[in-house]
Each structure stands twice: as structure tokens, then as C-alpha cells.
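Only one structure is covered here, and it is reproduced in the block below.
Naming: A, B, ... by sequence-line order, numbering from 1 per chain.
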Amino acid sequence: MKNSDKDKFKIADSVYSSRLLVGTGKYKNTEEAKSAIEESGAEIVTVAIRRTNLGQDKNKPNLLDIISPSKFTILPNTAGCYDADSAIRTCQLARELLDGHDLVKLEVLADKKTLFPDITQTLHAAETLVNDNFKVMVYTTDDPIIAKNLEEIGCVAVMPLAAPIGSGLGIQNPYNIRNIVENASVPIIVDAGVGTASDASIAMELGCDGVLMNTAIAEADNPTLMASAMKKAIQAGREAYLAGRMPKRAYASASSPADGRFF
Amino acid sequence: MKVLLNGSSYSLKDNCSLDSLIKNLELDGKYAVEINQNIIPRSQYRTKKISNGDKIEIVQAIGGG
């Protein structure tokens with residue numbers, strides 16, 4: 001058996017095999033979302049909490065009918081919250097909605113153009129939620145000091161951005177991501193900014209425990225095919241990390257021996 | 001009486017319980033309810049009376065990242 005076959009990871013008290021976490025937004029329709037999410041092999045799936053559309057068509061399927069809480073770990077997010085209080089309120093509603101399920105993705109945003117997190121509000125919300133017995137997976141910048149602070153507050157996973165949400169720019173600061181990983185004792189999951197498969201592999205090669213993405217799959221021309229690509233990229237990057245890469249050299253190093261040459 | 005339901009004005013009969021409001025709305029699937037920013041646990045829907053001017057939010061899970 002390869003090392004990677006039994007390579008599982010733990011968030012709070014739960015063990016997961018898939019290191020790809022996916023969102024459910026931006027899909028053209030529920031069939032497309034269902035197909036891509038199933039293909040991705042993800043076990044943890046994010047959802048947003050919003051007002052029920054009261055005039056809704058009864059035949060329109062409910063998201064939780066497609067992404068069943070019995071099959072997936074549902075990760076409600078606080079997307080769209082620009083202050084700690086609304087993020088906390090969203091988490092409390094999500095816990096009631098999901099019958100006491102207490103795993104949440106905390107994000108408190110600061111700026112509509114970049115969707116960068118408001119760190120002061122994020123720290124405040126994280127502390128309140130941890131004290132209220134939530135298991136908090138927290139979206140943050142790629143600042144290693146803040147990442148450590150969030151871990152010390154009691155967050156069960158720290159999720160630094162690769163690049164702005166929905167930008168698809170890939171990992172902009174691999175040095176910081178590696179530094180966060182090296183100093184962490186909770187899972188580090190790159191959240192946001194991944195654009196294509198190689199971006200996900202790079203995150204895993206840096207030693208991240210997983211990658212959370214939405215737009216990279218949902219906005220692909222063929223989301224199901226991209227989900228498949230992302231699944232393989234995560235596995236490839238993880239195996240490369242575990243295998244331990246060769247050192248980089250400034251110059252060439254011949255692969256064939258110099259001895260025994262007859263010419 | 002009138003309440004603010006998911007941001008819109010909504011009329012219902014006096015002394016209405018949350019349970020009967022939900023039945024009238026024919027809600028489907030999973031949802032959570034907040035009245036004046038207090039979460040109402042599912043177990044209290046039958047006993048919870050709605051008052052004139054209450055701000056009621058009914059939320060559900062939708063697609064998001």
C-alpha cells in the first residue's frame with residue numbers, strides 16, 4: 001500500500017479522506033452542481049445561509065435535497081458578512097437549521113472589491129464562536145502571525161486565501177503559505193483564489209492539508225471535468241509532498257553515469 | 001396584525017402562532033427562524049405567539065462558497 005492510501009486528515013473530531021473541499025455557488029443549475037460535486041469526491045461542502053424565497057416554486061429542489069447532510073459534511077459559511085455580529089448571527093441560525101451541527105466556515109469581509117477579510121472582526125467573531133462551542137474553520141489572509149492567533153483562539157482549521165475570492169489567480173504568496181503550514185498544529189486549508197488544477201497541486205506541495213474552492217470548478221466550461229481534474233491535482237500534489245521532492249540546483253546534474261563510457 | 005417577514009410587510013390574524021404561519025407559507029425543506037433577532041428552536045414553533053410588528057426572518061441553505 002502506498003502511504004497516500006491511508007493518508008487521512010482530521011478536522012475537529014472527524015476524519016476525512018478527501019482533501020478537496022468544494023462550494024455550491026455559481027452553478028448554472030442544480031444538476032450541474034450535483035454532477036460536479038459528486039465527481040470532485042469532496043466530503044465537506046460549503047453552503048450559504050440566506051432568506052427563504054417565500055414565493056418559491058414547489059418543484060424547485062432544495063439544495064440540501066441534492067447535497068444531503070447524511071452524505072456530506074455541510075459547512076455553512078458567513079459569506080457576505082461585513083461585521084462580527086452578522087457572522088455570529090449567521091452561524092447561530094445555521095446551527096439551528098442543521099439540527100445542532102456546529103462546524104462553520106467563518107468569513108468576515110472588509111472590502112467589496114477585494115473581498116479581503118476584516119481581520120479585527122474575524123478575530124472577535126472567532127473568539128465568540130469558539131466560546132459558544134462552534135467548531136470554526138476560519139477564512140483569513142496569508143499572514144502567518146494572524147493564522148497562529150486564530151489557531152490559539154481555538155479555531156479547528158485555518159484557511160488562508162491563495163488570492164482574492166473568485167479571482168482564479170492562484171497562490172500569490174507561496175512563502176507565506178509554507179510558513180503558515182510549518183507553524184501550524186491545526187489543518188491549513190487554502191481557501192479562495194485557486195484557478196486551475198496546477199494551483200491546487202502547488203497548495204498541496206507546499207504542505208497544506210486541503211484546498212477549498214468554488215469558482216474554479218463552477219465557472220469552468222465543463223465543471224464536472226474540472227472537478228475531476230481538481231481531485232487528481234489535489235492527490236498528485238499531496239503525494240508529491242509526502243514523497244519529498246528533490247533539491248533544486250542551479251545547474252545540471254547528469255542522470256546517466258559518467259563511468260563506463262566507451263567514447 | 002402586521003409583521004415584517006423576510007424584509008417585506010406581511011398580514012396575519014391576531015394571536016397567530018409561529019407554527020400556523022409556517023403552515024400558511026407551505027415551506028419546504030430545512031429552514032431556521034429568527035424573531036426580533038432571537039432564534040426560535042423548532043421545538044417552540046407551536047407555542048411561540050407572533051406579535052404585531054415582529055421582525056421575522058426565515059432562512060435556508062443555498063449555494064455558496
Best-contacting candidate, B:G65, B:S8, B:G29, B:P41, against chain A by heavy atom pairs under 4.5 angstrom: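 The residue among B:G65, B:S8, B:G29, B:P41 with the greatest pair count is B:G65.
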
- prompt: Relative to chain B, which segment of A:I49 carries a heavy atom at a distance below 4.5 Å: side chain, backbone, both, or neither?
  reply: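 Both backbone and side chain.
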
task: Name the region of A:N77, side chain, backbone, both or neither, that has any atom closer than 4.5 Å to a heavy atom of chain B.
output: side chain

Beyond-backbone contact of [X] with [Y], side-chain heavy atoms, under 4.5 angstrom:
X: A:R50; Y: B:Q60; answer: no
X: A:D99; Y: B:R42; answer: yes
X: B:E34; Y: A:R89; answer: yes
X: A:L54; Y: B:L27; answer: yes
X: A:N62; Y: B:K30; answer: no

query: Out of A:G25, A:G23, A:A48, which one racks up the most heavy-atom pairs below 4.5 Å with chain B?
result: A:A48

message: I need the residue from A:L93, A:L98, A:I74, A:V47 with the largest number of non-hydrogen atom pairs under 4.5 Å to chain B.
response: A:L93

message: Counting only heavy atoms not in A:K112 (residues, nucleotides, ligands), do more than 12 fall under 6.0 Å from its NZ?
response: no

- prompt: So with a 6.0 Å cut-off around NZ of A:K26, is the heavy-atom count from everything else above 12?
  reply: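 Yes, the 6.0 Å shell around NZ holds more than 12 heavy atoms from other groups.
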
task: Measure distances from B:I62 to the heavy atoms of chain A and classify the residue's part below 4.5 Å as side chain, backbone, both or neither.
output: both

- prompt: Can you tell me how far CZ of A:R51 sits from CG of B:L5, rounded to the nearest 0.5 angstrom?
  reply: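 So the CG of B:L5 and the CZ of A:R51 are separated by 9.0 Å.
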
task: Kindly give the heavy-atom pair with the smallest separation between B:Y31 and A:T52, and that separation in Å.
output: CB-OG1, 4.3 Å

